[in-house]
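Here's the structure we're looking at; comments come further down.
For ligands, and for the atoms within them, numbers begin at 1 and follow the listed sequence.
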Amino acid sequence: MRRRGYYGGFGGAFLPEILTATFEHLEEAFAAAKADPDFWRTYVELMANYAGRPTPLTFAPNLTRHFDGAKIYIKREDLNHTGAHKANNVMGQGLLVKRMGKTRVIAETGAGQHGVATATMAARFGLACTIYMGEVDVQRQRPNVFWMERLGATVVPVRDGTRILKDAINEAFRDWVGNMDDTHYVLGTACGPHPFPEMVTYFQSIIGREARRQISEQEGRLPRRVYACVGGGSNAMGLFSGFLDDPVELVGVEAGGQGLAGGRHAARLASTDAGVGVAQGYKTYFLQDSDGQMRETHSIAAGLDYVGVSPILAHLKDNGRVRFEAATDDEVIAAAALTMTKEGLIPALESAHAFAQAFKEAPTLRPDEAIIINQSGRGDKDIFTVADAFADPAWQEFIIQKAEHYKRMKPEG
Ligand SMILES: *Cc1c(COP(=O)(O)O)cnc(C)c1O
């Protein structure tokens, strides 16, 4: 018999005894919601009227011409309310919270994007909201803290440990243990103990369902490949789940940081620096050193800077269904720059990882083949990082060279 919440050897729910009943309640509520056709209909309506769905699938004629290979389509998750796919997950969990009759939500956030999305949902549904954030991140992400508070949330700076995301996760779990009766923990990605990976994937699958329908209408056929960046794995699982049973190649792109060789990256599935372990309540590949200690991760994109990864993606790596690659910080800036000037789109630096890998491969495909890149979010938040990169003349030069380099990558014959 398949153990619940396992994907191959990954996943599970490694929980303190005291949370068992809460997780069973959540699992039952989610199963009942999924079995109720009204629930998905209500969710789709909410996303249409509140968040701006369906998001378009935009053909990119200029990038297509530039690379002279596959037709490039972009799934526009940047157009969701709050600027990223994170809205799909929080609004879905909000509907579930209402069904469960709970009145308070908590969440942890690193860069602040998930905190803002959760605070938005809480305001809409009339729920009390507490957001845990490492003290270092509170300092770094002032604008997001400001908006969370204006949206009515309480932001709690966490002063334990290294005062970053993982310390905030511990604190959020501590809160949950003390307030299980009225509180739901809104996990932000397709990670953590069962049923979160499955539940977050379920809500994000709206991306893949739309994309499959849209490409079929616009191209009259399925794409050859689809690309998504991978932090915890939720936007990737959302897009991929639309094509899992099709003859479509799925490519997940992780943060290559300053290059895989030097160890300053967050590539859990595309590098050999990760090992299988149990942490934060689930089993997956974690970036760890030879003693099993969690390694420090690095990425130019805060949303990809995480030591673990979705257990579902870990399984899809092991069975070969998804290919994993890594894009370095400089490739990412170059890809974002090219996308801005060619198409007038400003992808989040997280999303630009998917663009960078797609740009490497597009010239090697035929003009009658299509690819889809998931633009998981908008890049407005990255203004200072991008400005820093462009302030350096060497970067400018690199970016121009890179665009030329991409063009020359077309294979002979
Ligand atoms: C948070 C975030 C990500 C990473 O999260 P996943 O769960 O891997 O999707 C990617 N892109 C954007 C724009 C984000 O805000």
Side-chain angles (χ1 to χ4, degrees), residues 55 74-90 92-93 107-118 120 137 141 144 165 169 186-192 196-208 226-241 250-255 266-270 282 284-285 297 299-314 316 322 324 326-327 332 335-336 339 345-357 373-383 385-386:
T55 60
I74 300 171
K75 181 61 174 158
R76 302 291 307 285
E77 292 304 298
D78 57 308
L79 294 179
N80 279 300
H81 178 41
T82 71
H85 69 292
K86 288 188 168 73
N88 305 331
N89 173 39
V90 296
Q93 289 197 44
E108 90 295 333
T109 192
Q113 299 298 114
H114 176 57
V116 171
T118 303
T120 302
D137 291 326
Q141 307 291 341
N144 282 335
L165 180 63
I169 294 175
V186 184
L187 220 131
T189 186
C191 288
F196 281 107
E198 183 188 331
M199 191 169 79
V200 175
T201 296
Y202 176 71
F203 292 125
Q204 294 293 0
S205 74
I206 196 167
I207 304 172
V226 303
Y227 297 85
C229 66
V230 180
S234 71
N235 86 89
M237 278 311 303
L239 180 64
F240 294 170
S241 55
L250 312 175
V251 184
V253 189
E254 296 182 298
R268 297 120 320 166
L269 300 173
Y282 71 113
T284 193
Y285 283 99
T297 53
S299 172
I300 195 166
L304 304 190
D305 207 347
Y306 176 52
V307 287
V309 68
S310 176
I312 310 179
L313 287 176
L316 293 171
V322 179
F324 290 90
V332 164
T339 305
L345 299 175
I346 306 181
L349 289 178
E350 287 84 358
S351 321
H353 286 69
F355 285 75
Q357 186 62 31
I373 306 170
N374 202 24
Q375 182 166 344
S376 53
R378 62 179 184 225
D380 310 44
K381 66 183 177 56
D382 299 316
I383 181 168
T385 312
V386 175

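- Gly303 O, 3.3 Å is the protein heavy atom nearest to atom 4 (C) of ligand 1.
- Atom 11 (N) of ligand 1 has as its closest protein heavy atom Ser376 OG, 2.7 Å.
- Here the heavy atom of the protein found nearest to atom 1 (C) of ligand 1 is Lys86 NZ, 1.4 Å.
- Here's the thing with Gly377: none of its N/O atoms is less than 3.5 angstrom from an N/O atom of ligand 1.
- Those atoms of ligand 1 that come under 4.0 Å of a heavy atom in Cys229, given as number and element, are 10 (C).
- Side-chain contact of Asn89 with Gln204: a donor-acceptor pair under 3.5 Å is absent, judged by distance alone.
- Within the 4.0 Å heavy-atom cutoff, His85 counts among the residues contacting ligand 1.
- Shortest non-hydrogen contact noted between Glu108 and Leu165 is CG-CD1, 3.7 Å.
- For ligand 1 and Ser234, the ligand atoms under 4.0 Å from any heavy atom of the residue are 6 (P), 7 (O), 8 (O), 9 (O).
- With Phe240 as reference, Leu250 is the one residue of Val251, Ile312, Leu250, Thr201 to meet the side-chain contact (heavy atoms from CB on, under 4.5 Å) rule.
- Counting atoms of ligand 1 from 1 in the listed order, those under 4.0 Å from a heavy atom of Gly233 are 6 (P), 7 (O), 8 (O).
- Here's the thing with Gly231: one of its N/O atoms is less than 3.5 angstrom from an N/O atom of ligand 1.
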May I have the step-by-step check of side chain to side chain contact (heavy atoms under 4.5 Å, CB included) for Thr385 and Leu349, ending in yes or no? CA-CA 9 Å; Thr385 312; Leu349 289 178; 3.8 Å; yes
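- Side-chain contact check for Lys381 versus Asn144: every heavy-atom pair is 4.5 Å or farther apart.
- Residues Gln93 and Val200 form a side-chain contact, since some pair of their non-hydrogen atoms from C-beta on lies under 4.5 Å apart.
- In this structure, Ala301 and His353 approach most closely via the heavy-atom pair CB-CE1, 4.0 Å.
- Of the polar atoms of Glu350, none of the N or O atoms is found under 3.5 Å from an N or O of ligand 1, judged by distance alone.
- At a 3.5 angstrom cut-off on N or O pairs, Ser351 does not count as close to ligand 1.
- The closest approach between a heavy atom of Ala236 and any atom of ligand 1 is not below 4.0 Å.
- By the 4.5 Å heavy-atom criterion applied to side chains, Leu316 and Met237 are counted as neighbours.
- Of all heavy-atom pairs spanning Asn235 and Asn374, the tightest one is OD1-ND2, 2.9 Å.
- Atoms of ligand 1 lying under 4.0 Å from at least one heavy atom of Ala348, given by number and element, are 13 (C).
- Between the side chains of Gln375 and Ser351, no donor-acceptor pair of N or O atoms lies under 3.5 Å.
- When only non-hydrogen protein atoms are considered, atom 7 (O) of ligand 1 lies nearest to Thr189 OG1, 2.5 Å.
- The N/O atoms of Leu304, backbone and side chain alike, include none that comes under 3.5 Å of an N/O atom in ligand 1.
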